[in-house]
**Q** 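Here you go, one structure.
For clarity, every value in this text was computed on a predicted model and none was experimentally measured. Note: hydrogens, waters and symmetry copies are ignored here, and every other heavy atom, side chains too, is used.
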Amino acid sequence: MRIDVVTIFPGYLAPLREALLGRAIEAGLVELGVHDLRDWTHDVHQAVDDSPYGGGPGMVMRPQVWGEALDAVLGEEPARLVVPTPAGRPFTQATAQAWAAEERLVFACGRYEGIDQRVVDAYADRGPVDEVSIGDYVLVGGEVAVLVMVEAVVRLLPGVLGNPVSAQEDSFSDGLLEGPAYTRPVSWRGLDVPDVLRSGNHAAIARWRRDRALERTAARRPDLLDALPPDALDRADRAF
Ligand SMILES: Nc1cc(-c2ccc3ccn(Cc4ccc(CN5CCCCC5)cc4)c3c2)n[nH]1
């Protein structure tokens, strides 16, 4: 997979070259290009924003600069164009799974109050364009959202995670939140590891973990329970 990011703050994307993702890049599992939007300005002030038509607070990013940048970065290769925005469709684990199958992702990081809508509209007839939100809160720009989404996607690529099973057993992959996890010591500050986890009884352990996941999901994300397909909960689950 190749990932390109266009931004006026390239330094914001430096963490993508650290740790696990950095190793994935070095291993050639993913290619990353980070591009400074201002490289496609032609004025001495390198202006990328202007006042909004119709009035309103703040500034909007100008379409011309974005058009030149995205034409250059996209080139002739097909790619999915991703535009983070508070007004986007929710980015979920399902989105990450779908994008992990893509050959190319290009992220357009807005700032100010966002990017002139015609940029999205102009590229919509060239290929898939996704306007996505990572949550119901307002960030200052798209860069942090791109860090989140790139991490969620790249960890799913074959060879990136040391233990790929955990990608399948993620929270949300079975529709439930994962339950509590424990490691040594058995007792810590008067708090003990649940006996069942040390029993060696794998059926009992699986049941206990499922019950804790159901309990946590019901308490913290009842919406996920409501969204489960009817056959997702078996009789033992319902007893819980
Ligand atoms: N999930 C998520 C993604 C983002 C995101 C992504 C990309 C950009 C580019 C710029 N900003 C900042 C910004 C965008 C829009 C407004 C206007 N809007 C008015 C009505 C109420 C909500 C805000 C204010 C500031 C961004 C913010 N935030 N949260």
Side-chain angles (χ1 to χ4, degrees), residues 1 3 15-27 29-30 82 84 88-102 105 130 132-137 139 144-240:
M1 174 184 285
I3 296 174
L16 291 180
R17 298 190 188 280
E18 295 294 319
L20 187 92
L21 299 191
R23 286 198 298 276
I25 294 167
E26 284 159 19
L29 297 171
V30 60
V82 178
R89 294 175 191 277
F91 175 80
T92 66
Q93 189 66 20
T95 318
Q97 293 279 7
W99 290 0
E102 295 279 355
L105 297 174
D130 289 328
V132 288
S133 163
I134 62 165
D136 292 339
Y137 38 80
L139 301 169
V144 166
V146 170
L147 290 176
V148 165
M149 295 189 283
V150 167
E151 179 161 313
V153 171
V154 171
R155 71 184 284 276
L156 297 175
L157 298 180
V160 172
L161 280 185
N163 52 339
V165 170
S166 68
Q168 273 92 46
E169 289 181 351
D170 274 353
S171 280
F172 314 106
S173 55
D174 65 356
L176 300 177
L177 302 181
E178 81 271 19
Y182 301 87
T183 186
R184 285 185 289 244
V186 167
S187 190
W188 178 73
R189 294 190 180 181
L191 301 168
D192 297 347
V193 172
D195 291 338
V196 65
L197 296 180
R198 301 174 56 235
S199 68
N201 178 339
H202 296 293
I205 291 169
R207 182 70 257 160
W208 183 89
R209 283 177 165 163
R210 178 81 173 170
D211 288 348
R212 298 294 73 72
L214 287 161
E215 182 179 67
R216 179 174 280 185
T217 307
R220 298 179 182 175
R221 292 293 305 277
D223 58 298
L224 291 179
L225 281 186
D226 298 340
L228 284 176
D231 60 347
L233 298 180
D234 63 26
R235 185 184 302 275
D237 293 336
R238 294 181 191 287
F240 183 76

**Q** With a sphere of 6.0 Å drawn around CD of Glu215, does it hold more than 12 non-hydrogen atoms of other residues, nucleotides or ligands?
**A**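 Buried by this count: over 12 neighbours within 6.0 Å.
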**Q** On a heavy-atom basis, which atom in Arg220 and which in Pro222 lie closest, and how many Å separate them?
**A**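 In terms of heavy atoms, the two residues are closest at C-CD, 3.5 Å.
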**Q** With side chains defined as the heavy atoms from C-beta onward, is the minimum distance between Met1 and Val153 less than 4.5 Å?
**A**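 Yes, close enough: below the 4.5 Å cut-off.
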**Q** Do Ile134 and Pro84 come within less than 4.5 Å of each other through their side chains, counting heavy atoms only?
**A** no
**Q** Just grab all the salt bridge (charged side-chain N to carboxylate O under 4.0 Å, His left out) pairs involving residues 230-240, residues at least two apart or on different chains.
**A** Arg207-Asp237, Arg210-Asp237
**Q** For residues 191-205, tabulate all N or O donor-acceptor pairs below 3.5 Å that involve a side-chain atom, not counting sequence neighbours.
**A**
unit_1, atom_1, unit_2, atom_2, d
Asp192, OD1, Ser187, OG, 2.6
Ser199, OG, Val196, O, 2.6
Ser199, OG, Asn201, N, 3.0
Asn201, OD1, Ala203, N, 3.2
Asn201, OD1, Ala204, N, 2.9

**Q** Rounded to the nearest 0.5 Å, how far does CZ of Phe91 lie from CG of Asp130?
**A** 10.0 Å
**Q** Given Leu157 and Leu29, is the side chain to side chain contact (heavy atoms under 4.5 Å, CB included) satisfied, shown in steps?
**A** CA-CA 8 Å; Leu157 298 180; Leu29 297 171; 5.5 Å; no
**Q** If the threshold is 4.0 Å, N to carboxylate O, is there a salt bridge linking Arg23 and Glu26?
**A** no
**Q** Could you tell me whether the side chain of Pro180 reaches within less than 4.5 Å of the side chain of Arg216, counting heavy atoms only?
**A** yes
**Q** What distance separates Asp174 CG from Leu228 CG, expressed to the nearest 0.5 Å?
**A**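 If I round to the nearest 0.5 Å, the distance is 8.0 Å.
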**Q** For Val30, which of Ile3, Leu16, Leu21 qualifies under side chain to side chain contact (heavy atoms under 4.5 Å, CB included)?
**A** Ile3
**Q** Out of curiosity, Thr217 OG1 to Asp226 CG, how far, rounded to the nearest 0.5 Å?
**A**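 The OG1 atom of Thr217 sits 11.5 Å away from the CG atom of Asp226.
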**Q** Is there a side-chain contact between Leu156 and Leu161 (heavy atoms, below 4.5 Å)?
**A**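 SC-SC contact between Leu156 and Leu161 ruled out.
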**Q** Applying side-chain hydrogen bond (donor to acceptor under 3.5 Å, both in side chains), can you list everything that pairs with Ser133, at least two apart in sequence or on another chain?
**A** none
